[in-house]
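Accompanying notes for the structure given below.
Every chain is numbered from 1 and lettered A, B, ... according to where its sequence line falls, protein lines coming before strand lines.
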Amino acid sequence: DPYCPYPTSLLHIEELCDSIVRSHRDTSQFRLEELQALRWKLFSREELHAYQSKSVDEMWQHCAVRLTEAVQYVVEFAKRIPGFRGLGQNDQITLLKTGSMEVVLVRMSRCFNTENSTVFFDGKFGSTELFKSLGCGDLMVAVFDFAHSVCALRLTEQQMALFSSLVLINPDRPCLEDRGRVHRMRRDLEVCLSHMLRRDNQESLQHKLYQKVSVLQSLCSLHVEKLHWFSQRYPLIVHSVFPPLYKELFT
Amino acid sequence: KHKILHRLLQNSTS
């Protein structure tokens, strides 16, 4: 178990960095080259109209499925973070229950084109208009704004990998059984990030990244608020056709 | 309670 005793040797930190970068690359759902190549493949007027004509429950279900696919890649990422599988299953679930959506939102900035404010969805790039029938305009604007702000940091894939792991390994989550262990994991990840930023001569990024955490938390609670609003109007839909993993995480 | 998540976590990271 790499966390007993608690090495802080540089070799350990560099090995930890490499392992997290590899985990991110192996579980990133869309390759960066693929996204870059498709960035100008936009939805046509007719395709946009088709999305906007979906009923609210159809669009909610469709987006819940897409979100759940993204979350599954984040679960695989978590499993590959050294020490994560050494945690008790309840703590692994506690970290993922809130952290998975946050990592999805961080990763979304890889799929975002700031030049025309579009996001990669269903194989093409679309604006917030694409999601009009969800009835969650404020949430979508907030999510797109967040993507813009993360893109503005121009993170490398390695930096995004480290930041994603820090978002996930959060010792402040309520109901953790072994908070100390999560804290020790988190400390080594923080050392990794500052080591990496020093190497990249971008130490100012550290503070900007930590500032993103509170925005992430507000986006996640806004999502849960919207889900609550939707499931009151369509309780059967959520119960019968929403992905089971989505329900486990968010209801 | 988290049946699916338990199963995903138990699967090997092949």
Subject >> Between OG1 on residue Thr94(A) and NE2 on residue His2(B), distance to nearest 0.5 Å >> reply: 8.0 Å
Subject >> Under 3.5 Å: donor-acceptor pair, side chain of Gln92(A), backbone of Leu9(B) >> reply: no
Subject >> More than 12 heavy atoms from other groups under 6.0 Å of NE2 on His6(B) >> reply: yes
**OP:** Would you indicate whether the side-chain heavy atoms of Lys79(A) and Asn11(B) approach each other to under 4.5 Å?
**Re:** yes
Original post:
Going by heavy atoms in the side chains, are Gln10(B) and Gln89(A) under 4.5 Å from each other?
Top reply: yes
Original post:
Between Thr27(A), Ile93(A), Leu96(A), Leu245(A), which shows the greatest number of heavy-atom pairs under 4.5 Å with chain B?
Top reply: Ile93(A)
Original post:
How close do Ile4(B) and Glu248(A) get, heavy atom to heavy atom, and via which atoms?
Top reply: N-OE2, 2.6 Å
**OP:** Count the heavy atoms of every other residue, nucleotide or ligand shown that sit under 6.0 Å from OH of Tyr73(A), and state whether that count exceeds 12.
**Re:** no
